[in-house]
Amino acid sequence: MAAIVSEHLLEWYDAHARNLPWRARPGEPAPDPYRVWLSEVMLQQTTVAAVKPYFEAFTTRWPTVEDLAASPEEDVMAAWAGLGYYSRARNLVKAARAVAGQGGFPDTEEALRELPGLGAYTAAAVAAIAFGRRAVVVDANVERVVSRLFAIREPLPGSRKAIRACAEEITPDSRAGDFAQAMMDLGATICTSRDPKCLLCPLQAACRGRAEGDPAQLPVKAPKKAKPLRQGKAWWIERDEAVWLVRREGKGMLGGMRALPDDGWSAGGDGSGEPPLDGEWQGAGVVRHTFTHFALEMSVECQSTREEPQGQGEWWPVDQLDEAGLPTLFAKAARLVLA
DNA sequence: GAGCCGTGGTC
DNA sequence: TGACCAAGGCT
């Protein structure tokens with residue numbers, strides 16, 4: 001069964017592979033490891049459509065890993081703004097500097113796994129796609145395809161071990177990179193989460209989920225927790241056509257990103273409501289934003305001042321706010337004020 | 001293992 | 001329209 005699956009899938013991939021900017025066409029030499037790594041990190045929990053313009057911008061501005069390694073971290077953070085999961089950008093810079101210091105990318109799964117931001121999935125994907133190593137690449141697509149192919153009915157995440165064992169079984173010794181990308185293309189276009197296109201699937205004859213009549217019900221997932229709703233405030237402080245921006249600290253929510261000052265709202269609780277300046281504030285409205293694990297209603301209040309707010313920050317020209325690299329929540333707040 | 005960490009698209 | 005989803009990693 002294993003050989004049949006990989007043969008049919010690779011044959012399908014040779015005919016139907018998506019043409020993506022970071023990808024070699026079937027039969028072409030493997031692409032630059034830098035481009036493979038960058039695309040894989042950007043694609044973590046992120047759609048192809050969202051990644052494309054960022055990949056284009058990054059590879060134009062930083063054509064090599066050495067260019068990226070030489071860039072100030074804050075420039076990379078600003079360029080990442082809007083893509084989300086900002087720890088990826090922080091780790092991207094760390095990894096680029098490590099790679100540049102080593103004189104190039106390591107070419108084994110084990111060594112790649114040591115770079116910050118490369119977990120089990122990404123290390124396997126880069127090893128297979130960029131270096132032709134046989135590696136078992138398991139992402140959400142593979143979990144879905146394998147769950148259906150083998151009719152695994154144990155709910156995620158408990159079924160991960162069984163899924164990995166089945167993925168190991170069908171991963172071929174050669175063309176492991178094409179095989180991994182084929183699994184992802186199949187998951188993205190045929191074996192989709194909703195309404196799988198079984199009639200077009202190259203694996204339909206081998207699929208136990210299809211044979212058992214309910215492939216769309218797989219994989220079974222544990223129910224998700226409800227998201228709490230939090231309240232908070234952000235402050236728009238303006239002086240001489242410039243707005244006061246701060247840099248968020250550390251590794252927490254939106255860590256390392258430029259932002260408006262706020263009242264300390266978080267996933268764990270509401271903000272204090274305490275403003276960073278005395279004086280009259282004018283309400284500009286409310287921004288509603290949903291994060292992975294909570295929803296936020298953030299009211300935005302404005303003040304023009306001649307004073308310098310407390311703490312670290314910078315006056316940023318309002319007409320150049322697009323270049324500040326604000327994460328989407330604060331970009332929404334700015335839009336509200338400037339509308 | 002489970003919680004934390006973004007965003008935009010889809011139905 | 002709200003819930004779900006997308007090429008996960010870190011702690």
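Just so we're clear, the structure is a prediction, and the values are computed from it rather than from any experiment. Chain letters run A, B, ... following the sequence lines, proteins first, then strands; residues in each count from 1.
- An OP1 or OP2 oxygen of B:dT7 is reached within less than 4.0 angstrom by a side-chain nitrogen or oxygen of A:T328.
- For B:dG6, its base sits under 3.5 Å from the side chain of A:T292 at one donor and acceptor pair at least.
- Put simply, A:H293 has no side-chain N or O that comes within less than 4.0 Å of OP1 or OP2 on B:dC4.
- The phosphate of C:dG8 (OP1 or OP2) has a side-chain N or O of A:Q45 nearer than 4.0 angstrom.
- Between B:dG6 and A:H289, no contact under 4.0 Å exists linking OP1 or OP2 to a side-chain N or O.
- No hydrogens or angles were tested; on distance alone, a donor-acceptor pair under 3.5 Å links the side chain of A:T46 to the base of B:dG6.
- Comparing A:Y86 and A:P157 against DNA chain B, the residue whose closest nucleotide sits nearer the 5' end is A:P157.
- When the nucleotides B:dC5, B:dG3, C:dA7 are ranked by their closest atom to the side chain of A:A267, B:dC5 comes out on top.
- Taking side-chain N and O atoms only, A:R90 has no distance below 4.0 Å to OP1 or OP2 of B:dC5.
- Between A:H293 and A:F291, the ring center distance fails the sub-6.0 Å criterion.
- The base of C:dA7 sits with one of its N or O atoms less than 3.5 Å from a complementary donor or acceptor on the side chain of A:R18.
- A salt bridge does not link A:R35 to A:D32: none of the charged nitrogens lies less than 4.0 Å from a carboxylate oxygen.
- For the C1' atoms, the distance from B:dG1 to C:dT11 is 11 Å, rounded to whole Å.
- In this structure, A:T122 reaches the sugar-phosphate backbone alone: every heavy-atom distance under 4.0 Å involves primed, P, OP1 or OP2 atoms, never a base.
- Ionic pairing of A:R239 and A:E307 is not present here: no N-O contact between side-chain nitrogen and carboxylate oxygen is shorter than 4.0 angstrom.
- A:Q44 and A:Y121 share no side-chain donor-acceptor pair at under 3.5 Å.
- Between A:D240 and A:R306 there is a salt bridge, since at least one side-chain N of the basic residue sits less than 4.0 Å from a carboxylate O of the acidic one.
- Between A:K224 and C:dC5, a side-chain N or O to OP1/OP2 separation shorter than 4.0 Å is present.
- A:A125 comes within 4.0 angstrom of no nucleic acid atom, judged by non-hydrogen atoms across all strands.
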